[in-house]
Amino acid sequence: MMDIALTLTVTLALLVIPSVSANSEGDALYTLRRSLSDPDNVLQSWDPTLVNPCTWFHITCNQDNRVTRVDLGNSNLSGHLVPELGKLEHLQYLELYKNNIQGTIPVELGNLKSLISLDLYNNNISGVIPPSLGNLKSLVFFRLNDNNLSGKIPRELATVSSLKVVDVSNNNLCGTIPTSGPFEHIPLSNFENNPRLEGPELQGLATYDTNCS
């Protein structure tokens, strides 16, 4: 009888281990849910007891049940982003634009090596643009416009050769506009309305504070 009980215990333990592993992304996303206010209940389907989050609304997974998209743009969400988002290692699209998200951009987003699109525009995000985002070597779309970001535009982003669209307009960035790498082809309008941001291209249009202290 004890042998049967032991066998059942081991079997159950083996069954639980893959589920825990598969649900680590669900845990990360549920941490995000807990950090957000959701008056319209768009996150109602985010059930942490499921094996993985692939059946949740606004989540897309690949054939291996790994999360590739988070689509929560224009969802009337408020709150803040969480470092756990950096655990979504297969994530390609992080779409959180047009909400009222506050706080800072987690440094851990630099771990999302598969990320193609980072759209956080039209929120209330503050703090600096993390230099770690220069690790996102697959990034094509990088839109942080219409927030309250400050500090310099990290030069690490100039090494991301895949970048095609960069928009950081309507923030409080300072320093100068990068002109190397992908920034060579970014329109100046995508940097406008940052009163302390300067660049050779903008001389004569306004008086800029070059001091980023």
Side-chain angles (χ1 to χ4, degrees), residues 25-26 28-29 31-33 35-36 42-43 46 53-54 56-149 153-171 173 177-178 181-187 189-191:
E25 294 188 328
L29 288 168
T31 301
L32 174 65
R33 178 188 172 178
S35 77
L36 297 174
V42 298
L43 306 177
W46 288 28
C54 298
W56 298 359
F57 290 161
H58 314 292
I59 298 297
T60 304
C61 293
N62 61 18
Q63 60 186 5
D64 297 319
N65 290 328
R66 305 303 295 270
V67 174
T68 57
R69 294 187 67 114
V70 176
D71 289 292
L72 289 170
N74 200 21
S75 295
N76 196 25
L77 300 170
S78 59
H80 59 88
L81 303 178
V82 293
E84 286 80 1
L85 287 172
K87 297 178 180 178
L88 304 175
E89 58 184 31
H90 295 272
L91 191 67
Q92 296 178 333
Y93 294 86
L94 183 56
E95 307 297 318
L96 289 164
Y97 55 87
K98 293 185 179 179
N99 286 291
N100 189 31
I101 294 171
Q102 300 174 324
T104 60
I105 300 173
V107 173
E108 291 80 1
L109 294 191
N111 297 332
L112 302 176
K113 301 298 175 60
S114 300
L115 201 65
I116 294 171
S117 177
L118 179 59
D119 281 332
L120 303 177
Y121 60 88
N122 282 103
N123 278 287
N124 197 23
I125 298 171
S126 57
V128 302
I129 302 173
S132 62
L133 300 185
N135 297 329
L136 305 179
K137 301 306 183 186
S138 299
L139 196 63
V140 178
F141 304 99
F142 182 65
R143 289 174 281 221
L144 303 179
N145 50 290
D146 296 275
N147 279 289
N148 290 312
L149 294 165
I153 299 172
R155 289 307 184 266
E156 288 83 354
L157 290 170
T159 67
V160 183
S161 59
S162 55
L163 268 177
K164 300 296 182 189
V165 177
V166 175
D167 195 338
V168 294
S169 59
N170 299 299
N171 280 287
L173 298 172
I177 299 170
F183 286 89
E184 185 179 351
H185 305 291
I186 304 299
S189 58
N190 291 12
F191 302 94

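Scanning both residues, Ser189 and Ser169, for their nearest heavy atoms gives O-CB, 3.8 Å. Thr31 and Val82 get closest at one heavy-atom pair: O-CG1, 4.0 Å. Between Val107 and Ser132 the shortest heavy-atom distance is O-OG, 2.8 Å. Scanning all heavy atoms of the two residues, the minimum distance from Pro182 to Ala158 falls at CD-O, 3.2 Å. Nearest heavy-atom pair across Asn190 and Asp167 is O-OD1, 3.2 Å. The minimum heavy-atom distance between Asn147 and Asn122, with the atom names listed, is ND2-N, 4.0 Å.
Separating the CD1 atom in Ile186 from the NZ atom in Lys164 is a distance of 9.0 Å, to the nearest 0.5 Å. With rounding to the nearest 0.5 Å, the separation of OG in Ser117 from CD in Gln92 is 10.5 Å. The structure places CG of Leu120 at 6.0 Å from CG of Leu94, a figure rounded to the nearest 0.5 Å. Atom CD of Glu108 and atom CD of Glu84 lie 8.0 Å apart (nearest 0.5 Å). To the nearest 0.5 Å, atoms CG (Asn123) and CG (Asn145) are separated by 10.0 Å.
Between Thr68 and Tyr93 there is no side-chain heavy-atom pair separated by less than 4.5 Å. Looking only at side-chain heavy atoms (C-beta outward), Leu133 and Leu118 come within less than 4.5 Å of each other. Annotation: side chain of Leu109 is not in contact with side chain of Leu115 (no heavy-atom distance under 4.5 Å). Within the 4.5 Å cutoff, no side-chain heavy atoms of Phe191 are placed close to those of Leu173. Leu88 has its side chain within reach of Leu29: a pair of non-hydrogen atoms, C-beta onward, lies under 4.5 Å apart. For the pair Thr60 and Asp71, the minimum side-chain heavy-atom distance is below 4.5 Å.
Judged by distance alone, with hydrogens and angles left aside, the side-chain atoms of Arg155 form a donor-acceptor pair with the main-chain N or O of Ile153 at under 3.5 Å. Side-chain N or O atoms of Ser35 include none that pairs as donor or acceptor with a backbone N or O of Leu81 at under 3.5 Å.
Counted within 6.0 Å of NZ on Lys137, heavy atoms from surrounding residues, nucleotides or ligands total more than 12; the atom is thus considered enclosed.
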Show your reasoning for whether side-chain contact (heavy atoms from CB on, under 4.5 Å) applies to Asn170 and Tyr121. CA-CA 10 Å; Asn170 299 299; Tyr121 60 88; over 6 Å; no
Could you walk me through whether Asn124 and Asn148 pass side-chain contact (heavy atoms from CB on, under 4.5 Å), step by step? CA-CA 6 Å; Asn124 197 23; Asn148 290 312; 2.2 Å; yes
side-chain contact (heavy atoms from CB on, under 4.5 Å), that's the test. Do Val70 and Leu85 meet it? Break it down for me. CA-CA 10 Å; Val70 176; Leu85 287 172; 5.7 Å; no
For the pair Phe142 and Val160, evaluate side-chain contact (heavy atoms from CB on, under 4.5 Å) and give the outcome as yes or no after the intermediate values. CA-CA 11 Å; Phe142 182 65; Val160 183; over 6 Å; no
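Between Trp56 and Trp46, the ring planes are parallel. Angles under 30° get that label, and only those over 60° would be called perpendicular.
The pair Arg143-Asp119 meets the salt-bridge criterion, with a side-chain N (NZ, NE, NH1 or NH2) lying under 4.0 Å from an Asp/Glu carboxylate O. Under the 4.0 Å criterion applied to side-chain N and carboxylate O atoms, Arg66 and Asp64 are not assigned as salt-bridge partners.
Neither side chain, Asn135 nor Asn111, offers a donor N or O lying under 3.5 Å from an acceptor on the other.
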What side-chain donor-acceptor pairs closer than 3.5 Å can you find for residues 98-106, not counting sequence neighbours?
unit_1 : atom_1 : unit_2 : atom_2 : d
Asn99  : OD1    : Ser75  : N      : 3.0
Asn99  : OD1    : Asn76  : N      : 3.0
Asn99  : OD1    : Leu77  : N      : 2.9
Asn99  : ND2    : Leu72  : O      : 2.9
Asn99  : ND2    : Leu96  : O      : 3.1
Asn99  : ND2    : Tyr97  : O      : 3.1

